Amino acid sequence: EAGVVQSPRYKIIEKKQPVAFWCNPISGHNTLYWYLQNLGQGPELLIRYENEEAVDDSQLPKDRFSAERLKGVDSTLKIQPAELGDSAVYLCASSPWGRNTIYFGEGSWLTVV
Amino acid sequence: AQRVTQPEKLLSVFKGAPVELKCNYSYSGSPELFWYVQYSRQRLQLLLRHISRESIKGFTADLNKGETSFHLKKPFAQEEDSAMYYCALLGTDKLIFGTGTRLQVFP
């Protein structure tokens, strides 16, 4: 099994440019998460989906961040426009119904210059 | 408040020495706690969870509700244990992570 797949693995963009990250969860996992991990910190939840519904997006900065999971499978996280402080690792994760075990992707490393 | 505290950023030991990675939590309900590990250039992965009461790769962790702690222990560290370790709490519908402890095991 492939696990949670994320792309791109690495992205370098100039500030004010847009960027998008894609995630394909483990097959059959209803719950999908996007986490933000700043250098030296633990992951922090940005948004959680149950199927196609965003059930917790309280930590998502909605002025510049958006996410979608239109068919309840893969998901996209977008930042527009990017700021220098957005440089971080964006982790996607998924879990089966019940959420006790969460499986992470390898992350998308963003550098904003 | 729901919070996980890992007081040590770095823990360095020699091979064969005992290891204890500290984790304290703040949670008003009945906590569900986990340890995640991230080896160099690999994804974050679950190491163990307290409800399973299992030993994985020689590591154990016991939930102490009185001290609100969930310390990770291993009696004899191996070089391959070198990694980042994150303690996590399943709070109200989300997993809350500590800031992590880097374990370095020297030969």
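Throughout, protein chains are lettered first and strands after them, A, B, ... in sequence-line order, and every chain is numbered starting at 1. These numbers were taken from a predicted model, which means no experiment stands behind them.
Within 6.0 Å of NZ in A:K62 there are more than 12 heavy atoms belonging to other residues, nucleotides or ligands. At most 12 non-hydrogen atoms from other residues, nucleotides or ligands lie less than 6.0 angstrom from CD of A:E14. Residue-environment remark: CZ (B:F14) stays at or below the threshold of 12 foreign heavy atoms within 6.0 Å. Other residues, nucleotides and ligands contribute more than 12 heavy atoms inside 6.0 Å of the CZ atom of A:R64. For A:L84, the CG atom counts as densely surrounded, since its 6.0 Å shell holds more than 12 non-hydrogen atoms of other residues, nucleotides or ligands.
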Between B:F97 and A:L45, does a side-chain contact (heavy atoms from CB on, under 4.5 Å) hold up when you go through it step by step? CA-CA 9 Å; B:F97 286 86; A:L45 182 69; over 6 Å; no

Could you walk me through whether A:Q59 and B:K94 pass the side-chain contact (heavy atoms from CB on, under 4.5 Å) test, one step at a time? CA-CA 11 Å; A:Q59 301 303 309; B:K94 66 180 180 182; 4.1 Å; yes

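In this model, a donor atom of one side chain and an acceptor atom of the other lie less than 3.5 Å apart for A:Q37 and B:Y86.
Judged by distance alone, with hydrogens and angles left aside, the side-chain atoms of B:R43 form a donor-acceptor pair with the main-chain N or O of A:V4 at under 3.5 Å.
Contacts of B:L44 with chain A are made by both backbone and side-chain atoms, with heavy-atom separations under 4.5 Å. Only the side chain of B:E32 comes within less than 4.5 Å of a heavy atom in chain A; its backbone stays farther off. Residue contact with chain A, scored on non-hydrogen atoms closer than 4.5 Å, is absent for B:R102.
Most heavy-atom pairs under 4.5 Å with chain A, from the set B:V4, B:L95, B:L46: that is B:L95.
Residues B:M84 and B:L103 do not share a hydrophobic cluster, clusters being chains of Ile/Leu/Val/Met/Phe/Trp/Tyr side chains in contact below 4.5 Å. Hydrophobic cluster membership differs between A:V73 and A:F21, with clusters built from Ile, Leu, Val, Met, Phe, Trp and Tyr side chains linked at under 4.5 angstrom.
Side-chain contact between A:I102 and B:F34: absent, with no pair of heavy atoms (C-beta onward) separated by less than 4.5 Å.
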